[in-house]
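No hydrogens, no waters, no symmetry mates; every other heavy atom, side chains included, goes into these values. Quick note on labels: first sequence line is chain A, next is B, and so on, each numbered from 1.
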Amino acid sequence: DTAVSQTPKYLVTQMGNDKSIKCEQNLGHDTMYWYKQDSKKFLKIMFSYNNKELIINETVPNRFSPKSPDKAHLNLHINSLELGDSAVYFCASSQGRSGRNTIYFGEGSWLTVV
Amino acid sequence: GNSVTQMEGPVTLSEEAFLTINCTYTATGYPSLFWYVQYPGEGLQLLLKATKADDKGSNKGFEATYRKETTSFHLEKGSVQVSDSAVYFCALTFNQAGTALIFGKGTTLSVSS
């Protein structure tokens, strides 16, 4: 069983569209994250939720909206997609709010905006 | 601010060569340090970690020692294999709520037989 699973793995879409990436973890963790990896492979935190509460909200365009229906799921919705949104988006999870706890990553969702 | 600096890649080695990937950090406080590995087309996997000064993390023949005096966490392996070819990320975080991993820019390792 995949611990942190994301769908879709690959997504090609046109500028201006709205799309969602879904994430689920079966590790029983209470904290989930979205990271963005750009074309140079640089990774940066976007959001984090702990027990459905938003605890990290980095400076990202408000076209990006995370939603956590329960602690096992954290979805990412992106409105009005732009070329610069093309990246790999990683979902991750950990137990507890402490940053020291090991974070487990999903396999990534490759988003290409054309 | 808090940041991680890794040596620029790519690093190209022959099989069985010794590997060092340098990592230094700047942090306000006492971070935990991590190495993550990303194999081609895959997500990130935790390779090893150290949570306090002088701790040594080790896994799969890789090791790194948390050096507070030099603010470093260099990754080493005595004999690399072709299967070690991947991108390696050094990262830090803090033992407090609402913190996330801060990554270096990654170092690509390519090992040839």
Side-chain angles (χ1 to χ4, degrees), chain A residues 2-7 9-10 21 23-25 27 29-51 53-60 66 74 87-110, chain B residues 1-11 21 23 25 27-53 55 57 59 66 86-110:
Chain A
T2 303
V4 182
S5 57
Q6 305 177 221
T7 54
K9 184 163 184 176
Y10 300 100
I21 305 172
C23 179
E24 176 182 6
Q25 54 93 6
L27 297 167
H29 290 164
D30 60 4
T31 304
M32 296 186 72
Y33 311 80
W34 278 109
Y35 281 82
K36 179 181 180 181
Q37 185 176 44
D38 63 23
S39 59
K40 297 183 178 179
K41 296 199 174 295
F42 184 58
L43 279 151
K44 190 172 180 187
I45 183 69
M46 298 175 70
F47 303 103
S48 178
Y49 273 75
N50 172 261
N51 280 320
E53 175 192 357
L54 182 64
I55 58 172
I56 297 175
N57 185 2
E58 289 295 306
T59 307
V60 299
L74 180 61
V88 184
Y89 293 86
F90 286 99
C91 180
S93 73
S94 66
Q95 179 57 34
R97 287 174 166 243
S98 170
R100 278 190 182 173
N101 300 323
T102 299
I103 297 178
Y104 295 84
F105 285 82
E107 294 190 339
S109 295
W110 272 253
Chain B
N2 304 307
S3 65
V4 175
T5 302
Q6 290 181 235
M7 61 188 289
E8 293 283 334
V11 174
I21 300 178
C23 171
Y25 67 90
T28 51
Y30 303 98
S32 294
L33 302 172
F34 303 80
W35 277 101
Y36 277 83
V37 58
Q38 184 178 25
Y39 297 103
E42 297 184 12
L44 285 85
Q45 303 174 27
L46 177 65
L47 183 60
L48 53 85
K49 70 177 184 180
T51 58
K52 61 183 187 297
D55 269 1
N59 186 26
Y66 188 141
V87 182
Y88 292 81
F89 293 91
C90 187
L92 69 81
T93 190
F94 295 92
N95 186 26
Q96 61 193 65
T99 59
L101 286 165
I102 298 169
F103 286 93
K105 292 188 175 181
T107 302
T108 299
L109 170 66
S110 178

Practice task
Side chain from CB out, backbone as N, CA, C, O: work out which of these in Q37(A) comes under 4.5 Å of a heavy atom of chain B, or both, or neither.
Solution key: side chain

Problem - Proximal component of K105(B), with respect to chain A [non-hydrogen, under 4.5 Å] - result: both

Practice task
Evaluate side chain to side chain contact (heavy atoms under 4.5 Å, CB included) for Y33(A) paired with S94(A), printing each intermediate quantity in order.
Solution key: CA-CA 9 Å; Y33(A) 311 80; S94(A) 66; 2.7 Å; yes

Problem - Side chain / backbone / both / neither for Q45(B) at chain A, heavy atoms under 4.5 Å - result: neither

Fill in the blank from the handout: Counting heavy-atom pairs under 4.5 angstrom with chain B, the leader among Y104(A), Y35(A), F42(A) is Y35(A)

Exercise for the section: Using a cut-off of 6.0 Å, state whether more than 12 heavy atoms not belonging to K52(B) lie near its atom NZ. Expected result: no

Exercise for the section: Please list, chain by chain and in numerical order, all residues satisfying ring pair (Phe, Tyr, Trp, His ring centres under 6.0 Å) with F47(A), sequence neighbours excluded. Expected result: none

Exercise for the section: Determine the interplanar angle of the F105(A) and F103(B) rings, folded into 0 to 90°, and report it as parallel if under 30°, tilted if 30 to 60°, perpendicular if over 60°. Expected result: perpendicular

Completion exercise
Cut-off 4.5 Å, heavy atoms of chain B, and the answer for L43(A) is both

Handout entry: Residue pairs passing the salt bridge (Lys or Arg N to Asp or Glu O under 4.0 Å) test where at least one lies in residues 33-51 of chain A, sequence neighbours excluded
Key = none

Problem - Part of L46(B) lying under 4.5 Å from any heavy atom of chain A - result: side chain

